[in-house]
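What follows is one structure encoded as structure tokens, with my remarks underneath.
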Amino acid sequence: MTLFSAGPFQRRLLRWYTAHQRDLPWRRSKNPYHIWVSEVMLQQTQVATVVDYYRRFLQAFPDIGTLAVAELQDVLKLWEGLGYYARAANLHKAARQIVAGGKKRVPRTPETFGRLPGVGDYINAAVSSIAFGHPLPVVDGNVKRVLARLFLLDEPVNRPSNHRVFLEKARLLLAFKDPGTFNQAMMELGALVCKPGRPLCDQCPVASFCGAHQAGRVTDFPRRLAARKNPHHHLAVGLVKKGNRFLIVRRPATGLLAGLWEMPGGRVEKPENPADACCRAVLESVGLTVFPGPRLARVAHAYTHFKITMDLFACDVVSGRVKRNGYQAHHWIRMKDIGQYPFHRAMHKAFAALAGALPP
DNA sequence: AAATCGGGGTT
DNA sequence: AACCCAGATTT
């Protein structure tokens, strides 16, 4: 391939970015903490999804000190529905580490910032370049796609060992004068023009530099390894009532949906019927012997690596008192209290089904 | 190096 | 349905 000239590429890209960039709330701020929060929320999450969460989060936690003294429950409540809840826990933990070290601001050097929980190579490069001007290239999903097309890179983008290939190309292109703006321009190009399905090459400011475009092979890139099929799981959970209250439990601090609340339950094992599975799972997880009532709801939900069907059964307590196994906490609450707790999406679907089945 | 970790939008 | 998204951490 001919020698790639970074200067003209950068000028074309940056001129396009100046004219076409979206007006996003975090681009109106120079506060490093704001930039940081936005980058964490934007991890594997589209811009349109993040905007409202970003505003609400910064209204509640306007600075690192405020976040550090907050309860994790309250941080998770503001993260509710956004997914990848370890991001919230790590951000919260990082804020506490900064305050515990006698500071109240984002570390200005990549070496220090990069040691905080939840700060990997991408977020370190993004915050360090955008907020502090450090010349570190960012490589996210958008940038990988742009680079694969620009340089006809055959390496599958979803193979971890190929990451360094993309990082080296990004480093070659990086504009040292204003690396933060350049990095954002590369990502914006991927999001608005160099899109996965139908790239808008006729609107692309750097099409004349693009190997895939010149070769008429834009849709051949990026290459990717085939994903394997997702398994399906059947879950059964109980609406366990005591008077006018029902039981909710808080999931463990690590793993799937860490720290979120739900109704107790578990997997439906092979020969089992869902109602029996519900009773068994309630007994195993909270120590209550319950008798199954009617099925109140059936919810379908998809996670990244599996799908679930979740059945919700009314349950009457026969005997026992709560003895938790695995869960962090339990509360007996009324339906009007559910807004006080962070629940995962499948649980919200169940609540919605209940509201529809039992109109007021 | 692969698996895990959400949820929603797009095609 | 499969793919994709301003990835990080654990195994």
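Chain naming here is simple, since letters A, B, ... match the order of the sequence lines and numbering starts at 1 in each.
- Judged by closest nucleotide on DNA chain B, A/His305 is the one of A/Ala302 and A/His305 placed further toward the 5' end.
- Put simply, OH on A/Tyr84 is 12 Å from P on C/dA8, counting in whole angstrom units.
- The interatomic distance linking A/Tyr53 (OH) with B/dG9 (P) rounds to 10 Å, in whole Å.
- Residue A/Trp26 is in base contact, counting any heavy-atom pair closer than 4.0 Å across all strands shown.
- Taking the C1' atom of each, B/dG6 and C/dC3 are spaced 16 Å apart, rounded to whole Å.
- Residues A/His34 and A/Ser29 have side chains that bring a donor and an acceptor to within less than 3.5 angstrom of each other.
- Set against C/dA2, C/dA8, B/dC5, the side chain of A/Leu256 has B/dC5 as its closest nucleotide.
- By the 4.5 Å heavy-atom criterion applied to side chains, A/Val240 and A/Asp316 are not counted as neighbours.
- When the nucleotides C/dC3, C/dA8, B/dG7 are ranked by their closest atom to the side chain of A/Arg345, B/dG7 comes out on top.
- Atom-to-atom, CZ of A/Phe306 to P of C/dA1 comes out at 18 Å; the value is rounded to the nearest Å.
- Between the CD atom of A/Gln44 and the C1' atom of C/dT9 there is a distance of 13 Å, rounded to whole Å.
- When heavy atoms are screened at a 4.0 angstrom cut-off, A/Tyr303 is found touching the sugar-phosphate backbone but no base atom.
- When heavy atoms are screened at a 4.0 angstrom cut-off, A/Leu82 is found touching base atoms of the nucleic acid.
- Between the P atom of B/dG6 and the CH2 atom of A/Trp261 lies a distance of 18 Å, rounded to the nearest Å.
- Between the CD atom in A/Gln10 and the OG1 atom in A/Thr181 there is a gap of 12.0 Å [rounded to 0.5 Å].
- Contact annotation: A/Arg228 side-chain N/O to B/dT4 OP1/OP2 distance is under 4.0 Å.
- Note that the CZ atom of A/Arg145 and the NZ atom of A/Lys195 stand 10.0 Å from one another [nearest 0.5 Å].
- Seen from the ring of A/Tyr84, A/Arg87 does not count as a face-on cation partner, given the 6.0 Å and 45° thresholds.
- Rounded to an integer number of Å, the gap from A/Asn90 CG to B/dT4 P is 19 Å.
- Distances were taken from every side-chain heavy atom of A/Arg145 (C-beta onward) to each of C/dC5, C/dC3, B/dG8; the shortest belongs to C/dC5.
- For the pair A/Lys169 and A/Phe151, the cation sits on the ring face: its NZ or CZ lies under 6.0 Å from the ring centre, inside 45° of the axis.
- A distance of about 22 Å separates the C1' atoms of B/dG9 and C/dA8, rounded to the whole Å.
- Backbone-only engagement by A/Val119 is indicated by non-hydrogen atom pairs under 4.0 Å involving sugar-phosphate atoms exclusively.
- Residue A/Thr304 is classed as a base contact, given a heavy-atom separation below 4.0 Å to a base.
- Atoms CD (A/Gln46) and C1' (B/dG9) sit 5 Å apart, rounded to a whole Å.
- Residues from residues 179-203 of chain A with heavy atoms under 4.0 angstrom of DNA chain B: there are none.
- Spacing of C1' atoms, C/dC5 relative to B/dC5, comes out at 14 Å, to the nearest Å.
- Closest to the side chain of A/Arg159, from the set B/dA2, C/dA6, B/dA1, is B/dA2.
- A/Trp261 pairs by the ring pair (Phe, Tyr, Trp, His ring centres under 6.0 Å) definition with A/His331, A/Tyr341, not counting sequence neighbours.
- Looking at A/His134 and A/Asn124, their side chains never bring a donor and an acceptor atom within 3.5 Å of each other.
- Side chain of A/Arg324 to backbone of A/Gln328: a donor-acceptor contact under 3.5 angstrom is found.
- Taking 4.0 angstrom as the limit, A/His301 places a side-chain polar atom (N or O) nearer than this to OP1 or OP2 of B/dG7.
- The base of C/dA6 sits within donor-acceptor range of the side chain of A/Arg27, with an N or O pair under 3.5 Å.
- Protein atom CG of A/Asn230 is 13 Å distant from nucleotide atom C1' of B/dG6, rounded to whole Å.
- A donor-acceptor contact under 3.5 angstrom links the side-chain atoms of A/Thr45 to the base of B/dG6.
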